[in-house]
Structures are given as C-alpha cells and as structure tokens.
Amino acid sequence: MILEEYIKEELIREKVEELGVLITNHYPKDTTLTIICVLKGSLLFAADLIRQIDLNTNLEFLDLSSYKGSIRGELVLNKDIDFSIADKNVLVIEDIVDSGNTINFIINEFKKRNPKSIKVASLLFKKDAYNFDMKIDWIGFNIRNEFIVGYGLDYNQMYRNKKSIYLIKDEQEK
Ligand code: IMP
Ligand code: MG
C-alpha cells in the first residue's frame, strides 16, 4: 500500500504537549484524573498524553467492538473498566472521532455511573463525518473525511506502530 505522510511525528509531539498543558490547566491542582484509554487505537496517544498531564492520574482501559451481525454502529463493551468512576473526574482519550458513534456510546454509558465530571480528548476529529451534538472537549487535529493510519490507528490491524500519521493512497486495495 502507498502511504502519504499526513501529520509528521514532530507535529504530533508538539500538539500532544499543547493538549497536556490545556488539560492540566483546566483542573484544580489537587485533582486526581481518571484517564480512560480506548483500545486499541488510543494506546500511543494516551501513553504520550498522560506524560504531559501534570496531575495525579489513574489509568484504565476500555475495549469496544461492533456487535457481530448487527447494523453498523451498534457497539458492545468488550472489556469494561474494572473501576468505579462514581464521583471521579474522568477523561476519555480517543484516537479519532469519525461518525461519533463510539465516543457517544462511551459517554452515554459512563454518565449513568455518575462521575463528578467527564471530558473527552481526541487526537483527531473528522468534523464533516460527525453526526452528534456532543462537544469534544479537546481536539488535536481537525482532519478531512479521509482514511488515515499510524500512531495507533490501523488499517486491518496494520500500521499502528508508525510514528507519523499517513493517508492511504491506493483506494483499490482498501
Ligand atoms: P466512530 O465512527 O467515531 O465511531 O469511529 C469508530 C472507530 O473507527 C474509531 O475509534 C477508529 O478506531 C476507527 N476509525 C475511524 N476513522 C478512522 C481512520 O481514518 N483510520 C483508522 N481508524 C479509523
Ligand atoms: Mg478508537
């Protein structure tokens, strides 16, 4: 497959630092932030972002999948967090928000558990594909409605380990 560099490693690093400062400054200094990394795509972003957040943190992992045989967009929790978020300040870290189905499903689920606050940081946001009203609190990059890989994002589980983000060029092979 032909990959075209879309967002360089250096630019990602700078953006992650910026987001870390914004997130740190948003909360009172003595806040303990419960950070939820949505597997698998957010792993690299979360690993870098949490090191830029100067607060006490807990780290939890969540895994979702599309329910087999159902209409596209119906989601189930594969691996829930094993931790109560009641009365916690929660930050959900997403790699990318596309249609918004995934993040809206997560937030609706988690709101039922009565967190003190719940916010979302997404490295990437496809504004033109987004179908919901809920605001994404922190966005790294607004991108066009195109398929990208790298820095955690995959195509058929490939390319997650790339340091930069790439556009897949040869559409026929997709
Ligand atoms: P949603 O449409 O916002 O629910 O996004 C669903 C999931 O699709 C995301 O969490 C990603 O895992 C994946 N996804 C969406 N757009 C891309 C892309 O451009 N590259 C790789 N994965 C993507
Ligand atoms: Mg994801």
Side-chain angles (χ1 to χ4, degrees), residues 1-13 15-16 19 23 34-50 59-81 85 90-113 115 118-174:
M1 277 194 177
I2 301 162
L3 302 182
E4 181 185 288
E5 195 168 54
Y6 193 61
I7 308 175
K8 278 190 193 321
E9 182 186 0
E10 177 64 18
L11 202 57
I12 298 172
R13 199 179 55 74
K15 186 62 79 180
V16 172
L19 290 173
I23 292 166
T34 298
I35 293 177
I36 302 192
C37 169
V38 184
L39 294 170
K40 299 171 187 171
S42 308
L43 181 68
L44 275 67
F45 176 45
D48 288 340
L49 183 61
I50 59 172
L59 182 59
E60 298 287 326
F61 295 92
L62 182 72
D63 189 20
L64 295 109
S65 60
S66 299
Y67 191 71
K68 286 195 182 64
S70 80
I71 50 158
R72 190 181 125 82
E74 196 178 334
L75 293 159
V76 283
L77 283 174
N78 253 350
K79 183 208 167 290
D80 201 347
I81 52 170
I85 57 167
V90 175
L91 175 67
V92 179
I93 300 188
E94 260 291 24
D95 48 353
I96 188 163
V97 174
D98 183 358
S99 69
N101 284 341
T102 308
I103 194 61
N104 278 271
F105 174 82
I106 294 169
I107 298 302
N108 289 336
E109 277 296 307
F110 281 10
K111 275 187 174 163
K112 296 177 196 159
R113 305 179 192 184
I118 184 155
K119 297 218 170 268
V120 179
S122 182
L123 180 66
L124 301 149
F125 182 60
K126 293 185 186 172
K127 181 169 71 68
D128 296 334
Y130 193 60
N131 284 328
F132 294 82
D133 292 327
M134 185 191 71
K135 186 175 162 285
I136 308 300
D137 301 280
W138 291 287
I139 292 168
F141 301 97
N142 285 291
I143 62 164
R144 294 190 301 266
N145 196 2
E146 289 176 306
F147 200 82
I148 51 165
V149 294
Y151 194 66
L153 292 146
D154 74 305
Y155 169 69
N156 282 348
Q157 301 302 327
M158 280 190 306
Y159 309 123
R160 291 194 197 275
N161 60 332
K162 295 256 172 236
K163 294 175 182 169
S164 298
I165 291 172
Y166 298 84
L167 209 56
I168 293 184
K169 285 315 278 181
D170 41 346
E171 287 293 317
Q172 288 90 338
E173 287 186 41
K174 259 175 76 178

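In listed order, ligands and their atoms are each counted from 1. Positions are given from 1, in the same order as the sequence printed here.
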Handout entry: Any V149 heavy atom less than 4.0 Å from ligand 1
Key = no
Handout entry: Contact atoms of ligand 1, heavy-atom distance to T102 under 4.0 Å
Key = 1 (P), 4 (O), 5 (O), 6 (C)
Practice task
Decide, yes or no, whether a salt bridge links K119 with D137 under the criterion of side-chain N to carboxylate O below 4.0 Å.
Solution key: yes
Handout entry: Mode of D95 contact toward ligand 1 - side chain, backbone, both, neither (heavy atoms, under 4.0 Å)
Key = side chain
Exercise for the section: Say whether G100, considering both its backbone and side-chain N or O atoms, lies within less than 3.5 Å of an N or O atom on ligand 1. Expected result: yes
Exercise for the section: Using a strict cut-off of less than 4.0 Å between a Lys/Arg side-chain nitrogen and an Asp/Glu carboxylate oxygen, indicate whether R113 and D80 qualify as a salt bridge. Expected result: yes
Practice task
Return a yes/no value for I148: is any of its N or O atoms, backbone included, closer than 3.5 angstrom to an N or O of ligand 1?
Solution key: yes
Practice task
Ignoring hydrogens and angles, state whether a donor on the side chain of Y130 or N145 is under 3.5 Å from an acceptor on the partner side chain.
Solution key: no
Handout entry: Lys/Arg N to Asp/Glu carboxylate O, K8 vs E10, below 4.0 Å
Key = no
Handout entry: Those atoms of ligand 1 less than 4.0 Å from some heavy atom in N101
Key = 3 (O), 4 (O)
Exercise for the section: Pick one of side chain, backbone, both or neither for how L153 approaches ligand 1, counting any non-hydrogen atom pair under 4.0 Å. Expected result: side chain
Practice task
Using a strict 4.0 Å cut-off to heavy atoms of E146, name the atoms of ligand 1 that fall inside it.
Solution key: 19 (O)
Problem - Test item: side-chain donor near acceptor, S164 and E5, under 3.5 Å - result: yes
Handout entry: CD-CD1 distance between E146 and I168, expressed to the nearest 0.5 angstrom
Key = 11.5 Å
Practice task
With heavy atoms under 4.0 Å as the rule, classify the contact between K126 and ligand 1 as side chain, backbone, both or neither.
Solution key: side chain
Problem - Sidechain-backbone polar pair: S42 side chain, D95 backbone, donor-acceptor under 3.5 Å - result: yes
Completion exercise
Near D154 (heavy-atom distance under 4.0 Å), the atoms of ligand 1 are 21 (C)
